[in-house]
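All remarks here apply to the structure that follows.
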Amino acid sequence: MGFHLLISGIILVFLHSISEAERLDLNAYEYIRIFKTPLALGSCPSRRVRFDSGKVLTETCSFSAGNQGQSSYRSEEYPRNMSLVTNASQLLDFIGLCEGRAASYIGILNDGDCVEIEMSTLVTFSKEHVTHLYKDFYQPKVDTLSNDMGKRIPKDFSHYVEDSFYLNRIGYGGLEVILVQTQFSSSKEARIAAAFHMDSFSPSKNLDSIAKIAGIPKKIMVIILSSLSNSLTEIRKYKGSEGLIEALKFIKELEKYMRWNVRGGRHHNEQTRIPVSYEFLPYTETSKDPVGLEEKSAWKAVCLLEIEAHKLYKCQSVETNKRLPTGFRRPSCTNIKRLMKDAKLKRFLLHGKRSIWFKLTAEEKMKLASVFSEKISSVQAEINKETKQLKKFKKGLDLETEF
Ligand SMILES: *[C@@H]1O[C@H](CO)[C@@H](O)[C@H](O)[C@H]1NC(C)=O
Ligand SMILES: *[C@@H]1O[C@H](CO)[C@@H](O)[C@H](O)[C@H]1NC(C)=O
C-alpha cells in the first residue's frame, strides 16, 4: 500500500511527452457496462484478464496519475445522423467501431464483444429486410488531466507501470442510437421501403410513412443503444399490423426520452455528469508502432469476419413441425450442422486472436485478416451450397404435399 502511494507520488511529476500514437480510445459506456463504476480522471483502468486456465478475472489497478483536471465546455452543434444501412460494414461505420487495442487491453472481448459488434450480429441484411439507423451524439463537456508535470518517470520505477494506462480525458454527454429493421413479405415492398426518402429525424414518422407506402412490414425489430440508460441496449420485436402499432408507440416514447436527455436544456446537468468517452495514455513510453490506417482496416475486417461467421450458424431452411406425406424423409440439416460447427470453431479462434489484438504486431494483424477471410469464406461457400440444395429439396417437397 505504502509502496503504491510512493509510486503514485512519483508518477504525478513525470507523466509527459508520451506520443499521441499510443493513446487508447474507448467508449465510456463500454467500460461501465463491464466494471459498473465510472473511472476517475488520472486513474488506471480495471481489466478483464484471461488466465492460462481459461478463467477470466477482473484485475484492478491502484496506480494513479493524480486527479487534477481541467474542464472545457463546448457549445458547438452536434450533428444528428440518419441513414439507410445496407450492410454490416456500413453499420459499423455509422455507429462507430470500438478501437481494437483499447477493447482488447481492457479485456472486453474476454466476456463478449464490443456493444456495436454485438448489435451488428442481430441485424439481417437481405432482399426482404430494410434497416434504418438514427444516431445522436452529444458531448458538451470534456475533462482533461492537467499536465504540468514536466519530468519523466525515474528509470528504476518504470517497470512497475510498464504496459499500464491512465485515464487522461473524459468526455461527458450521450450517445443515442435507434435502429429500425423492417422485414417485408416481398423484395418488391422492401425496395419501395428502401427508396423512401427520410426527411424528418423521427423514426416513428418515417416508419409510419414507410408502412403506408410500401406495405405493413411482416416483422419489425427495434434496437436501442443509449449511453444514458441503465441497460445500455434494448431489443424489441414486433409482428404484423398490431406489431406496427405497438412499435410506433414504443418508438414515440423513445423519441420523447431522447429529446429530453440529449437535447433538452432541463437535463443539462445529467449530460455533463455521465461519461461517454474515455481516452487513456500509457504511463511509460513503449516502442510499439503507432496504429496506422492499415491496422485500423485490419481490425474492421476481422470484426466483420466475426459478425459473418456468427451468422453462419443458423439452419433456417428446415421446418421441423411440417407434416410430411408418408414415405417422405425429412430433409436433413446434418451437413449444414457439421459446417456450422466448423464456422463456430473458426469464429472462436478468430475471437481469441481479436481479444489479444493489442499484443499483436502490425504484420500479424494484417495476416490475421487475410488468413481468416479465406477460412471463413470457404465455410461460407460450402454452407451456401448445402442450403441451396436443401431449399430445392424443400420446394419439391412442398409441391408434393400440395397434391
Ligand atoms: C456497404 O454499403 C455501402 C453503401 O451502400 C457501399 O458503399 C459499400 O461498398 C458496401 N460494402 C460492402 C462490403 O458491401
Ligand atoms: C454524420 O453527420 C455529420 C454532419 O452532417 C457528418 O459530418 C458525418 O460524416 C456523418 N456521419 C456518418 C457516419 O454518416
Side-chain angles (χ1 to χ4, degrees), residues 79-100 103 113-137 177-184 186-201 203 206-207 209-210 213-214 217 220-223 225 292-314 316 343 346-347 350-351 353-354 357 365-385 387-388:
R80 288 167 154 179
N81 296 65
M82 57 178 173
S83 175
L84 171 76
V85 178
T86 55
N87 57 47
S89 165
Q90 203 189 359
L91 180 58
L92 291 184
D93 287 345
F94 201 99
I95 43 180
L97 176 58
C98 60
E99 204 251 307
D113 218 312
C114 298
V115 70
E116 55 271 21
I117 293 180
E118 289 182 357
M119 257 176 91
S120 303
T121 59
L122 302 173
V123 183
T124 309
F125 297 101
S126 84
K127 283 181 181 144
E128 282 86 32
H129 290 83
V130 178
T131 299
H132 287 107
L133 220 141
Y134 304 79
K135 175 183 164 183
D136 206 346
F137 178 78
V177 174
I178 298 184
L179 180 147
V180 182
Q181 178 181 278
T182 41
Q183 184 185 353
F184 292 90
S186 72
S187 50
K188 189 178 163 224
E189 285 177 352
R191 272 200 306 276
I192 297 169
F196 173 74
H197 180 73
M198 298 189 291
D199 49 12
S200 136
F201 194 87
N206 292 335
L207 178 59
S209 305
I210 286 170
I213 298 166
I220 299 169
M221 176 173 71
V222 182
I223 306 180
L225 166 63
L293 213 58
E294 280 148 341
E295 223 179 299
K296 272 197 179 145
S297 59
W299 172 249
K300 190 179 166 198
V302 292
C303 288
L304 286 171
L305 281 173
E306 192 168 330
I307 293 169
E308 221 164 277
H310 189 269
K311 287 181 179 168
L312 288 180
Y313 22 108
K314 284 186 272 169
Q316 300 161 314
K346 296 218 158 75
R347 180 194 166 224
L350 176 61
H351 189 88
K353 289 287 185 194
R354 281 179 60 230
W357 191 255
K365 289 172 183 166
M366 252 69 97
K367 203 166 149 207
L368 199 65
S370 69
V371 166
F372 272 91
S373 161
E374 236 164 75
K375 283 185 180 175
I376 288 168
S377 45
S378 85
V379 189
Q380 196 167 33
E382 281 187 68
I383 290 183
N384 287 349
K385 206 172 91 190
T387 310
K388 228 181 213 165

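Order of appearance sets the numbers: ligands from 1, and atoms from 1 within every ligand.
For the pair Trp299 (side chain) and Cys98 (backbone), a donor-acceptor distance under 3.5 Å is present. A distance-only check finds no donor-acceptor pair linking the side chain of Glu116 to the backbone of Leu92 [under 3.5 Å].
Ring geometry, Phe201 versus Tyr134: the interplanar angle exceeds 60°, so the pair is classed perpendicular (tilted spans 30 to 60°).
In the displayed structure, Lys346 atom NZ is contacted under 6.0 Å by more than 12 heavy atoms of other residues, nucleotides or ligands.
A search for side-chain hydrogen bond (donor to acceptor under 3.5 Å, both in side chains) contacts involving His132 returns nothing, not counting sequence neighbours.
With a 4.5 Å cut-off on side-chain heavy atoms, Ile220 and Leu207 count as touching.
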Could you tell me, for ligand 1, which of its N or O atoms are under 3.5 Å from any protein N or O, listing the pairs and their distances rounded to 0.1 Å?
unit_1	atom_1	unit_2	atom_2	d
ligand 1	2 (O)	Thr86	OG1	3.4
ligand 1	2 (O)	Asn87	ND2	2.4
ligand 1	5 (O)	Thr86	OG1	3.3
ligand 1	11 (N)	Asn87	ND2	2.9
ligand 1	14 (O)	Asn87	ND2	3.1

